[in-house]
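To start, the structure under review is shown below, and the notes come after it.
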Amino acid sequence: MAAIWTLSFYLVWPACLALTPPAELPHPHNLPPELGLNRSDGSLSVDLPLALRVFSVDYHHVQAPFEIVLWIMLASLAKLGFHWSGRVPAVVPESCLLIMVGLLVGGVIYGVRHSAPPTLSADAFFLFLLPPIVLDAGYFLPGRLFFENLGTILWYAVLGTLWNVLGIGLSLYGVCLLAPDSLGDLSLLHCLLFGSLIAAVDPVAVLSVFQEMHVNDQLHILVFGESLLNDAVTVVLYKLFESFLRLPSVSGLDVFLGGCRVVVVGLGGLFVGLFFGLVAALTSRFTSRAQVIAPLFVFLYSYLSYLTSEMLHLSGIMAIVTCAVTMKQYVEANVSERSNTSIQYFLKMWSSVSETLIFIFLGVSTIQDVHMWSWPFVCSTLLLCLVWRASGVLLLTAVVNKLRRNTVTFRDQFIIAYGGLRGAICFSLVFLIDDFPKKRLFITTTIVVILFTVFVQGMTIKPLVELLDVKRKKRALPTVSEEIHSRLIDHLLAGIEDVVGYWGQHYWKDKFEQFNRKYLRRFLIREDNQASSSILRVYQELERREQRGDEEAPSIVDPRSHSRPLLPEEMDSIRRILSRNLQNFNNKTPAYSRHTLHQDANRDRVRKSLHRHQSLGERYTFTQVEEAEFSGSHRARKGLSRSHTVCSISPLAVLQEPSVPAASARTTIPTSSPAAREEQSAAQHQTSVGGATKKQLSFVLENENQQ
Amino acid sequence: MGSSSSNMNHIPDAEELMQETGFSSAHLLRLYERFEFLDREKRGELTPDDFEAVGRLALNPIGGRIIGAFFSQGQETVDFASFVRILAHFRPADTNRRDGAPQDPANSRTRKLKFAFQLYDQDGDGMISRVELLQVLRAMMGIQVTEEQLQSIAERAIQEADLDRDDAISFDEFKKSLEKVNIDHKMSILFLR
């Protein structure tokens with residue numbers, strides 16, 4: 001049933017798009033010219049005997065934004081459609097489905113207009129579609145995991161990409177030499193240029209496929225980090241070879257300068273990102289009086305960092321990722337909870353739309369007139385991509401495993417190699433090449449490679465993973481004992497490393513944390529937010545939740561909750577405390593995942609709500625921090641209404657035992673003076689209902705029942 | 001290193017130590033240099049003050065306990081052999097068993113866990129009592145956590161681990177609660193391989 005509706009959508013929509021006059025999308029050089037209907041003045045009028053036009057249509061006036069909106073609408077409806085169509089998304093990754101929709105739309109447009117449909121212009125891609133995705137990736141990057149594996153990630157990104165580029169380029173040149181009649185006019189530089197753009201593993205494609213699979217965090221971060229960072233190498237090499245192509249001859253000096261350029265581009269992007277990230281953090285410090293526009297700064301500064309580094313021909317992706325990573329913790333501490341939510345939701349939304357649009361356009365752009373086919377070239381490219389990637393991964397891993405504690409197993413290597421999907425970045429880069437006779441061949445080959453990797457590799461990776469039994473992300477969370485003892489061991493190791501004088505990973509991490517605590521946090525975070533920002537954040541999230549009166553589905557139930565009804569919630573809250581307060585801050589956010597903001601926020605909420613219940617009275621003193629949001633009259637109501645919202649979230653897990661009279665709860669509420677945080681323990685004791693959290697939870701329910 | 005052989009002669013019982021702990025001669029030498037660096041008064045032994053001079057150790061929440069772990073019962077000083085023996089716990093596990101290696105090397109999983117266990121168990125009775133657990137928790141958590149939260153965390157930890165219900169965690173229970181953790185990975189300093 002749902003399938004029928006979705007199908008009809010997909011047929012109606014392309015028809016709409018086909019019938020609109022061709023858009024004036026910003027085109028760079030070398031795109032197929034747009035033919036089509038041209039109205040004389042773009043307006044239609046009903047002829048009446050009177051001179052007055054009662055009804056007229058002036059499409060031309062709104063054409064550009066209208067069409068953009070139509071495309072975005074198509075993308076979003078397509079996405080909606082998938083999630084309604086049952087089991088299909090489980091088998092076919094979303095990216096494939098989107099490309100198919102794009103193909104369909106492109107086909108319809110072509111059929112109706114008999115000319116090429118609008119294609120994805122490289123400028124639009126690089127300037128508008130790519131930044132949101134990369135920003136989203138950077139903002140939700142699991143920081144600790146990323147930095148722990150940074151060496152390995154850089155190893156794969158830089159060396160792996162170089163290996164791939166040179167390998168593919170040189171082998172393709174060899175192939176061209178072997179088939180001189182059809183491919184003879186491709187020079188070595190052309191092949192290297194092509195190699196540089198086809199070797200790039202695309203973060204968008206990789207992410208969208210890994211979504212469906214739950215591989216362990218380490219593997220995820222390796223592939224994802226590599227795809228993100230190899231941009232610096234790829235784009236630089238691409239530009240390098242392109243400028244070499246324009247030079248009359250290439251000398252050794254040029255090559256050397258090219259190498260320097262790689263470093264400059266990468267590091268330059270990094271510094272630009274750092275700069276903007278710190279400025280953004282500083283700006284967010286002063287947003288307390290105009291909280292509504294606080295999220296805007298996050299986006300503006302990130303985008304600015306991207307544009308600045310693009311302007312300076314540095315790596316825009318590095319800049320925006322660094323900016324996001326840098327400013328995240330300070331911004332989160334500075335802005336209100338609502339702003340935080342806005343930031344997160346907007347990021348998710350934009351990146352989702354962007355990604356959808358990219359894939360649809362990839363499909364649409366496949367339908368065009370400019371294809372040039374060459375069996376040897378295309379097939380050898382496909383083969384070489386796979387071969388070189390596999391060999392590169394094997395070789396690099398063999399070396400890097402000697403230096404890592406956690407070895408990258410063979411199965412992981414297979415996933416890294418096989419999961420190297422190409423995507424829209426290659427596609428845009430190929431359009432940017434200066435025109436030369438064989439350019440259409442490159443375009444065709446690129447499209448084929450992208451389609452192959454996304455469809456074939458994207459669809460088969462999951463069954464292959466299951467076949468190889470990749471170490472799945474452990475669903476079971478660590479127990480409290482494990483957490484405590486692990487932290488102890490971390491401290492112990494740090495101490496021993498100090499004794500031995502070894503600059504291990506703990507050293508740098510601790511050093512940064514110290515620097516962060518002493519200087520950066522003090523400078524960049526608002527005064528009153530500095531001391532207990534983590535607990536505060538918990539509390540503010542609760543308040544924020546209450547403000548919104550959320551109705552989001554309480555679908556997250558701890559699976560163990562049915563066996564021992566109460567302790568898991570208590571456990572979650574304990575875990576929450578531990579993860580926030582143990583000195584080696586262990587970032588417990590799950591691995592980056594495009595679609596899990598909803599779940600993540602929910603789970604946090606469930607935990608935090610119960611965390612709060614652990615010590616209701618004490619928590620209440622923190623209400624007062626966000627003075628701007630709460631007026632005095634709300635205070636008394638707060639306690640009761642809060643319990644109300646919380647109970648609506650986790651109906652299943654909480655016991656229904658009105659044992660302790662609500663009076664004990666009510667007595668704590670009036671003690672809501674804006675006490676200093678140090679007095680928390682005093683208020684604390686009033687709620688210690690025999691130390692049994694069972695009772696605390698139930699008296700909360702009692703509150704609700706009695707409202 | 002040209003002078004290595006002569007330096008090795010300075011190290012008492014070098015061969016025995018290498019055999020017992022599994023350190024290579026290069027590592028042993030490096031440790032000896034570090035030992036001499038820490039031993040500011042050149043007595044050939046380390047006192048707790050020498051350890052505390054390592055600045056960052058003072059910032060470590062369990063710094064005092066770590067220092068204490070180097071000094072066995074009742075001893076005031078640590079000589080080089082004991083120093084090395086303690087540090088041998090932090091070698092990564094040997095992947096291939098060498099001939100003549102001791103049966104229960106210092107860097108075995110059990111010994112590593114025992115070392116960590118002793119950080120908790122300051123009174124040496126072989127059990128981590130609730131009080132001892134609370135002390136460590138308090139040290140690690142700082143001031144941001146209230147007493148009651150600490151109590152509930154400790155309560156939970158003991159509940160999980162304490163199988164024979166004696167309200168304390170024995171070494172076996174400790175080991176069991178960490179069975180899913182890759183201790184070799186967590187408790188090794190790579191360069192000491």
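Here is the naming used below: chain letters follow the sequence lines, and residue numbers restart at 1 for every chain.
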Could you tell me which portion of B:Phe174 (side chain, backbone, both or neither) has an atom closer than 4.5 angstrom to a non-hydrogen atom of chain A? side chain

A:Leu492 to B:Met187 - nearest heavy-atom pair and separation: CD2-CE, 3.8 Å

Please round to the nearest 0.5 Å and tell me the distance separating atom [atom1] of [X] and atom [atom2] of [Y].
{"X": "A:Leu488", "Y": "B:Leu133", "atom1": "CG", "atom2": "CG", "answer": "10.0 Å"}
{"X": "B:Ser177", "Y": "A:Glu482", "atom1": "OG", "atom2": "CD", "answer": "7.0 Å"}
{"X": "B:Ile158", "Y": "A:Ser481", "atom1": "CD1", "atom2": "OG", "answer": "9.0 Å"}
{"X": "B:Ile86", "Y": "A:Ile496", "atom1": "CD1", "atom2": "CD1", "answer": "8.0 Å"}

Residues of residues 113-123 of chain B under 4.5 Å from chain A (heavy atom pairs)? B:Phe115, B:Ala116, B:Leu119, B:Tyr120

Assess whether atom CD of B:Glu179 is packed by more than 12 heavy atoms of other residues, nucleotides or ligands within 6.0 Å. yes

Stepwise side chain to side chain contact (heavy atoms under 4.5 Å, CB included) test for B:Met140 and A:Ile484: CA-CA 9 Å; B:Met140 288 201 294; A:Ile484 300 177; 3.8 Å; yes

